[in-house]
Protein chains: 2
Amino acid sequence: MSETRREELLAIAAGLFAERGYRNTTVRDIADAAGILSGSLYHHFDSKESMVDEILRSFQEELFGEYDAILASDDDARTKLERAVRVSFAAIHDHRSEVAIFQNEADQLGTLDRFGYLAERNAQSREVWMTLLREGVASGALRDDLDVELVYRFIRDTVWVAVRWYRPGGGLPHETVADQYLTILLDGIAHA
Amino acid sequence: MSETRREELLAIAAGLFAERGYRNTTVRDIADAAGILSGSLYHHFDSKESMVDEILRSFQEELFGEYDAILASDDDARTKLERAVRVSFAAIHDHRSEVAIFQNEADQLGTLDRFGYLAERNAQSREVWMTLLREGVASGALRDDLDVELVYRFIRDTVWVAVRWYRPGGGLPHETVADQYLTILLDGIAHA
DNA sequence: GTCTATAACTGGATAGAC
DNA sequence: GTCTATCCAGTTATAGAC
């Protein structure tokens, strides 16, 4: 049951970190939200840094497991790309706080030694998308006059930045957002 | 000349706020970078808050002046949309710090009374893009099966988030980025 | 316009009782 | 597992001398 309490506290911290920023959230804020005093938090965690560390680590582990499964599948190139996009929007739905924290704080935290894995995960993510895009071009599914590196950045940015406005239960299911996004990305918004 | 010194200090502050975040930058950091002591800053500015306020205000004034000029022009709908995109990427080029600060800190700062104008500017920006998109659909330049609100969000997000990776003088001119972006946005990445 | 000196406060973290 | 009590470092801001 102590494992549950721990996760409960992490979920509370994640929500606050996502909403008001890591630096802008005090350990007292977290304790208040949990209904305990700040000193009591240190029975569960070493430091505020450990909390955000644990939040980001477990999220990334899960996410990259999904990307790996897609890469390893024998779907055609276009299907793989579509699946990767859908999995990402689903992650925004299922793990909003974690995605937001990663988006907003990774740059700052990444300068600290203990968060070196953030840069590694970033490189890994680039590999995933670049592989998908190159396969797409090679198979003829995607245009061959594109700057693949730029397309990668646009996809990465547009997908994740949606965490800023997407709200679960807001009447716009994440599957719909993914569909519309894929329509724009693949076919453009200009009249044919 | 005191006006020059003021702007010099603001530019230094803007660079730091953009790079390490507003909350993460101390007045001592700013003073150090300017080669003076922290107390001396208060001869020029009321508070740290006033600095970021002035930085954001003057930037937004300039940017919206450009959007207004586009809206008021008699270009066709597609040209207006393209111009708005190009002006935005140019702003990232010319005012990287300001754009980054706005992107990263607006949500937090917006909760304070004195930064209420940030929400207003946000609404104004939405009007600009929605107008351009609706004109585009009405004129037949854009597809009519799109969720215009969603397209607006995607454009807004993708354009501004480029501030995270775009580097002036990095071999990739902002005009090229805008071109490639417009290609993707208008025509998609799928093979025709 | 900048410096010296310092006030006033906030925030992360600890030790030991319950 | 939580509380009481508290330390200490860091941060914004001020007052008055140079």
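Every chain is numbered from 1 and lettered A, B, ... according to where its sequence line falls, protein lines coming before strand lines.
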Nearest to the side chain of B/K48 - C/dG11, D/dA13, D/dC3? D/dA13
Tell me if the side-chain of A/R5 makes a donor-acceptor pair with the base of D/dG1, cut-off 3.5 Å, by modelled atom types. no
Can you tell me the distance, in whole Å, between the CE atom of A/M51 and the C1' atom of C/dG11? 13 Å
Look at the side-chain N and O atoms of A/T26 and state whether any lies under 4.0 Å from the OP1 or OP2 oxygen of C/dG11. no
Can a side chain N or O of B/H43 be found less than 4.0 Å away from OP1 or OP2 on C/dT2? no
NA contact type, A/I36, heavy-atom cut-off 4.0 Å: base, sugar-phosphate, or nothing? sugar-phosphate
Short N-O contact, A/R20 and A/D29, less than 4.0 angstrom: yes
Return the value, rounded to whole Å, for the distance between atom CD1 of A/I30 and atom P of C/dA13. 10 Å
Without decimals, in angstroms, what is the distance between B/N24 CG and D/dT11 P? 9 Å
Whole Å only: how far is the CG atom of A/L41 from the P atom of D/dT4? 15 Å
If the threshold is 4.0 Å, N to carboxylate O, is there a salt bridge linking A/R57 and A/E61? no
Using whole Å, what does the distance between atom P of nucleotide D/dC18 and atom CG of B/L37 come to? 16 Å
Look at all strands and tell whether A/T25 reaches a base, only sugar-phosphate, or nothing, counting heavy atoms closer than 4.0 Å. sugar-phosphate
Hey, mind stepping through A/R78 and A/D76 against salt bridge (Lys or Arg N to Asp or Glu O under 4.0 Å) and telling me if it holds? CA-CA 6 Å; A/R78 173 156 174 159; A/D76 63 51; over 6 Å; no
Once you round it to whole Å, what is the distance between P of C/dG1 and CD of B/E7? 13 Å
Short side-chain N/O contact to C/dC3 OP1/OP2 from B/S40, under 4.0 Å: yes
What integer distance in Å separates A/R28:CZ from C/dT14:C1'? 13 Å
Can you find a side chain N or O atom of B/Y42 that sits less than 4.0 Å from OP1 or OP2 on D/dA13? yes
Salt-bridged, B/R86 to B/E66, with N to O below 4.0 Å? no
B/R23 has its side chain closest, among C/dT2, C/dG11, D/dC3, to C/dG11
Can you tell me which nucleotide in C/dA13, D/dG1, C/dT4 comes closest to the side chain of A/S38? C/dA13
Is the terminal nitrogen or CZ of B/R96 (NZ for Lys, CZ for Arg) located under 6.0 angstrom from the six-membered ring centre of B/Y166 and within 45° of that ring's axis? no
Quick check on C/dT2: is either OP1 or OP2 less than 4.0 Å from any side-chain nitrogen or oxygen of B/H44? yes
Closest-nucleotide 5' rank along DNA chain D - winner of A/G39 and B/S47: A/G39
A/D46 CG to C/dA13 P, in whole Å, measures 9 Å
